[in-house]
Number of protein chains: 2
Amino acid sequence: MSASLPPFPRPQEPTDEPVLLELGSGADEPCLRADAARNRARLLEAAARLVAEHGAAGVTMEAVAAAASVGKGTVFRRFGDRTGLLMALLDHSAQQLQGALLGGPPPLGPGAPPVERLQAFGTAVLRQYVDHLELQLAAQPEPTRRFSFPPQRFLTGHVTLLLRQAVPGADAPLLAQVLMGYLDPALIHHLTEECGMPLERLEAGWTDLVTRVTRTELPR
Amino acid sequence: MSASLPPFPRPQEPTDEPVLLELGSGADEPCLRADAARNRARLLEAAARLVAEHGAAGVTMEAVAAAASVGKGTVFRRFGDRTGLLMALLDHSAQQLQGALLGGPPPLGPGAPPVERLQAFGTAVLRQYVDHLELQLAAQPEPTRRFSFPPQRFLTGHVTLLLRQAVPGADAPLLAQVLMGYLDPALIHHLTEECGMPLERLEAGWTDLVTRVTRTELPR
DNA sequence: TCACGATCCGGACCGAGGTCCGTTTAAAGT
DNA sequence: ACTTTAAACGGACCTCGGTCCGGATCGTGA
């Protein structure tokens, strides 16, 4: 196995507890060598251009390498694999969302009651995914790793926390997965593009789902 | 585009309405030529053997072809792509489940109240996926097509129907997607294998989820 | 029985992701 | 400035899914 690189240091510890502090891939960059940093920037720019010109499907690792005047190996060294490269392209907006969740103004950030924060969370994520939908889809890792990727873990952890507050008796981690499942890019794509549902309907669905799930009075 | 073959005649019409009658891929097989049928059987047998010996990852299209003493092209002609082959391996149990849902004894089949049928549905699917989990995972199509594949559409349609009866006021198709999301093989794998949750917890989670979602009294 | 056409077969071929390893180079130490 | 070394580079190479098309085969109608 090649030691690859840091961007997404495979989690390893399979806990379902929130990892609130590691901001996705934002913290411990080992400070690249000058040429490496330059090439990284070049590659991201080239990739973005390719997306704009030929869509996400046109982002071939070789094409990116060529467009950045760089060897193919360099792309893999820097980003690990295709998914890593695509995720890096989305990293900025992901960081922004994480910031808003942790320290932004209510109701997204701290300060509002948990159920309201959940409502806001859903519509925020929904909207972020709907822009960049194609990229978001293409950046999806293989099914097995989907739930282990830092961004996903962060969001799920956040929801878990809010759920614990909102509905103390429930199995929060499990319910969190349910809510996150509604926000799966592939599902959003299916509902909007293939079933033709308007975004408003999805948002209403989220609202309804959250209120149903957070009802505290148990069955009967 | 190669016309490929019937096994999964790409849906084309993006409706969210249930397609209750087409039993997955079971009905309209065009009756293969003798040699084709023989090769199909050989291929399935070979694939099953490879799964047993080397796991799903060992099921290479070339390996299957070789093990069945058949050309590679033949595999693709018959099954369309890797996913198609793997799905064919799971077809039997899928058909069985569909039969039980449509005509089996309650509470899985008709006759029980919808909420009870939903409960039974979840545990049945959960169990079916947990056996064959590796295969189920490997057979997963690329994200974009996941929701369009006949078996998935059938199950989702079934749930939609039950939800319409159980909770008339709600957006049944959307809620159905939520419930089906809980039964995503990748999620099941993550929770059981990586988080170490026992199956009982997942089943309890399903029960809880269904009761929460089907509560009719609206918020306040 | 024979001929003919639709169907099927096989494996060469292609593209893309991912790996390997000999070479180059930034940058820290002397 | 010179040495040293860990890091980065580049592109040949491998694997595997998927396509193509000339040739073999089945089954049908005469």
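Keep in mind that what you see is a predicted model, and the values were worked out from it rather than measured. Residue numbering restarts at 1 for every chain, and letters A, B, ... go by the order of the sequence lines. Just so you know, these numbers use all the heavy atoms, side chains as well, and skip hydrogens, waters and symmetry mates.
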Chemist: Round to a whole Å and report the spacing from NE2 of A:His54 to P of C:dA16.
Modeler: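 That distance rounds to 12 Å.
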
Chemist: Taking CD from A:Glu62 and P from C:dT19, how many angstroms apart are they, rounded to a whole number?
Modeler: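 Rounding to the nearest Å, CD of A:Glu62 and P of C:dT19 are 15 Å apart.
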
Chemist: Between D:dA8 and A:Asn39, is there an OP1 or OP2 to side-chain N/O distance shorter than 4.0 Å?
Modeler: no

Chemist: By nearest atom, which of the nucleotides D:dA8, C:dC9, C:dA27 is closest to the A:Ala34 side chain?
Modeler: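 In terms of side-chain proximity for A:Ala34, the closest of D:dA8, C:dC9, C:dA27 is C:dA27.
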
Chemist: What nucleotide, of D:dC9, C:dG17, C:dC9, holds the atom closest to the side chain of B:Arg78?
Modeler: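 The answer is C:dC9.
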
Chemist: Between B:Arg42 (CZ) and C:dC8 (C1'), how many Å, whole number?
Modeler: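 Checked: the CZ to C1' distance equals 14 Å.
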
Chemist: Heavy atoms, side chains only, cut-off 4.5 Å: are A:Met61 and A:Leu85 in contact?
Modeler: yes

Chemist: Is any side-chain heavy atom of B:Leu32 closer than 4.5 Å to a side-chain heavy atom of B:Arg78?
Modeler: yes

Chemist: From C:dC8, D:dC13, D:dA8, pick the nucleotide closest to the side chain of A:Lys72?
Modeler: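 Nucleotide nearest to A:Lys72's side chain: D:dC13.
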
Chemist: Examine the side chains of A:Glu194 and B:Ser148 and answer whether a donor and an acceptor come within less than 3.5 Å of each other.
Modeler: yes

Chemist: Tell me the interatomic distance from A:Glu142, atom CD, to C:dG18, atom P, rounded to whole angstroms.
Modeler: 9 Å

Chemist: C:dC8 P sits how many Å from B:Leu43 CG, rounded?
Modeler: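 Those two atoms, CG and P, are 13 Å apart.
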
Chemist: Could you pull out all donor-acceptor pairs under 3.5 Å where a side-chain atom in residues 120-129 of chain B meets a protein atom, sequence neighbours excluded?
Modeler:
residue	atom	partner	partner atom	Å
B:Thr123	OG1	B:Ala120	O	3.1
B:Arg127	NE	B:Glu203	OE2	2.9
B:Arg127	NH2	B:Glu203	OE1	3.4
B:Arg127	NH2	B:Glu203	OE2	3.1
B:Gln128	NE2	B:Ser93	O	2.8

Chemist: Provide, to the nearest angstrom, the distance between the CG atom belonging to A:Leu85 and the C1' atom belonging to C:dA16.
Modeler: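 Distance check: A:Leu85 CG to C:dA16 C1' gives 14 Å.
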
Chemist: Hey, is the side chain of A:Thr74 poking within less than 4.0 Å of OP1 or OP2 on D:dA8, counting only N and O atoms?
Modeler: no

Chemist: Round to the nearest Å and state the distance from A:Met61 atom CE to D:dT15 atom P.
Modeler: 20 Å

Chemist: Map B:Arg33 and B:Thr60 onto DNA chain D by nearest heavy atom, then report which one ends up closer to the 5' terminus.
Modeler: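 The residue closer to the strand's 5' end, by nearest nucleotide, is B:Thr60.
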
Chemist: Give a yes/no on whether any side-chain N or O of B:Arg77 is located under 4.0 angstrom from OP1 or OP2 of C:dT7.
Modeler: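 Negative; the distance criterion is not met.
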
Chemist: Output the rounded distance in Å from CG (A:Leu32) to P (C:dT25).
Modeler: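 Rounded to the whole Å, the gap is 19 Å.
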
Chemist: Run the salt-bridge test on B:Arg42 and B:Glu45 with the 4.0 Å N-O cut-off and return the result as yes or no.
Modeler: no

Chemist: Quick check: on DNA chain D, is the nucleotide nearest B:Val59 upstream (toward 5') of the one nearest B:Arg38, or the reverse? Name the residue that is more 5'.
Modeler: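 Its nearest nucleotide being more 5', the pick is B:Val59.
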
